[in-house]
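What follows is a short report on a single structure.
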Amino acid sequence: MGCGRVGASLAQTLEEHGHSVAVIDQNPEAFRRLTSGFGGHKVTGLGFDRDTLTKAGIEDAFGFAAVADGDNSNILAARVARETYGIENVVARIYDPHRAEIYQRLGIPTVATVRWTAHQVLRRLLPLGAVDEFRDSSGQLTLAQMDLHPGWVGLPVTTIEQATGGRIAYLTRYGDGVLPTADTVLQENDLVHVVLRVDDLATAERTLTKAPEESQ
């Protein structure tokens with residue numbers, strides 16, 4: 001639902017990967033964003049209206065993405081798809097990050113556009129820190145790749161866990177994945193992937209981007 005820039009790009013990418021796609025938008029002019037070669041189904045209407053959803057083939061759908069401009073319409077459409085039609089793979093784009101957290105806890109996966117964009121900008125302004133790789137459905141836990149001050153090299157991985165309160169899920173070492181043990185020692189150029197609470201991420205960043213002596 002939604003044939004803006006995101007919706008059009010998403011629809012065309014899915015089609016390129018061999019999926020059958022239907023796009024819903026209440027403005028028929030929005031379909032001009034799709035390329036001339038787009039072979040999917042274009043349906044004019046509201047994405048939370050049952051007749052519109054039926055025309056789009058919701059009863060046979062594997063997934064549903066609500067990426068229109070409004071938070072309310074996106075979450076309403078996502079809930080109708082999930083609760084009325086039993087679609088398991090549902091996602092909604094939400095601009096308000098506080099709303100996004102609430103809907104995540106209700107079981108509606110969301111993409112918080114403002115928070116994601118702010119995070120990407122910060123990564124380019126302040127490259128030393130953490131890359132948020134995954135969040136659980138509650139939005140409370142994150143798997144993040146953490147940048148380390150060189151002073152942590154040569155120390156056991158347990159020192160990072162003790163300093164951050166997180167758990168090291170794995171290391172990437174010379175391109176290979178490594179499951180660490182309590183005896184694993186950090187080497188130069190290791191990429192460290194840590195699971196921790198989202199609320200603790202900023203503190204962990206500050207801790208790990210300083211030498212161990214300075215962070216204590």
[X] versus [Y]: any side-chain heavy-atom pair under 4.5 Å?
{"X": "Arg173", "Y": "Pro180", "answer": "no"}
{"X": "Val67", "Y": "Asn74", "answer": "no"}
{"X": "Val178", "Y": "Thr172", "answer": "no"}

[X] [atom1] to [Y] [atom2] distance, which is reported to the nearest 0.5 Å:
{"X": "Thr164", "Y": "Glu205", "atom1": "OG1", "atom2": "CD", "answer": "11.5 Å"}
{"X": "Leu196", "Y": "Glu161", "atom1": "CG", "atom2": "CD", "answer": "11.0 Å"}
{"X": "Arg167", "Y": "Leu141", "atom1": "CZ", "atom2": "CG", "answer": "11.5 Å"}
{"X": "Leu171", "Y": "Ile160", "atom1": "CG", "atom2": "CD1", "answer": "8.0 Å"}
{"X": "Gln145", "Y": "Leu191", "atom1": "CD", "atom2": "CG", "answer": "4.5 Å"}
{"X": "Tyr170", "Y": "Leu179", "atom1": "OH", "atom2": "CG", "answer": "10.0 Å"}

Quiz prompt | Leu46-Leu76 co-clustered via ILVMFWY side chain contacts under 4.5 Å | solution =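 Yes: a chain of side-chain contacts under 4.5 Å links Leu46 to Leu76.
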
Quiz item: Would you say Leu143 and Met146 are hydrophobically clustered, going by side-chain heavy atoms of ILVMFWY under 4.5 Å?
Solution: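 Leu143 does not cluster with Met146.
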
If we ignore hydrogens and angles and just use 3.5 Å, is the side chain of [X] paired with the main-chain N or O of [Y] as donor and acceptor?
{"X": "Ser73", "Y": "Gly70", "answer": "yes"}
{"X": "Thr13", "Y": "Ser9", "answer": "yes"}
{"X": "Asp25", "Y": "Thr44", "answer": "no"}
{"X": "Trp152", "Y": "Thr159", "answer": "no"}
{"X": "Arg99", "Y": "Asp71", "answer": "no"}

How close do [X] and [Y] get, heavy atom to heavy atom, and via which atoms?
{"X": "Asp147", "Y": "Thr209", "result": "O-CG2, 4.0 Å"}
{"X": "Met1", "Y": "Phe64", "result": "CB-CZ, 3.8 Å"}
{"X": "Ala144", "Y": "Leu201", "result": "CB-CD1, 4.0 Å"}
{"X": "Ala163", "Y": "Thr207", "result": "CB-CG2, 3.9 Å"}
{"X": "Ala182", "Y": "Pro156", "result": "O-CB, 4.3 Å"}
{"X": "His149", "Y": "Ala211", "result": "CG-N, 3.5 Å"}

Distance-only check: which donor-acceptor pairs under 3.5 Å involve side-chain atoms of residues 51-61, not counting sequence neighbours?
residue : atom : partner : partner atom : Å
Thr52   : OG1  : Asp49   : OD2          : 3.1
Thr54   : OG1  : Arg50   : O            : 2.9

Exercise. Mind checking salt bridge (Lys or Arg N to Asp or Glu O under 4.0 Å) for Arg32 and listing every partner two or more places apart, or none if nothing turns up?
Key: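 Arg32 satisfies salt bridge (Lys or Arg N to Asp or Glu O under 4.0 Å) with Glu29 only.
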
Quiz item: Is there a salt bridge (charged side-chain N to carboxylate O under 4.0 Å, His left out) between Arg93 and Asp69 once you walk through the steps?
Solution: CA-CA 8 Å; Arg93 178 174 68 172; Asp69 290 335; 3.7 Å; yes

Quiz prompt | Residue Gln26 excluded, over 12 heavy atoms near CD under 6.0 Å | solution =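 No.
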
Quiz item: In the hydrophobic cluster built from side-chain contacts under 4.5 Å, what are the other members alongside Leu34?
Solution: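 Joined to Leu34, directly or through intermediates: Leu10, Leu14, Val21, Val23, Phe31, Phe38.
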
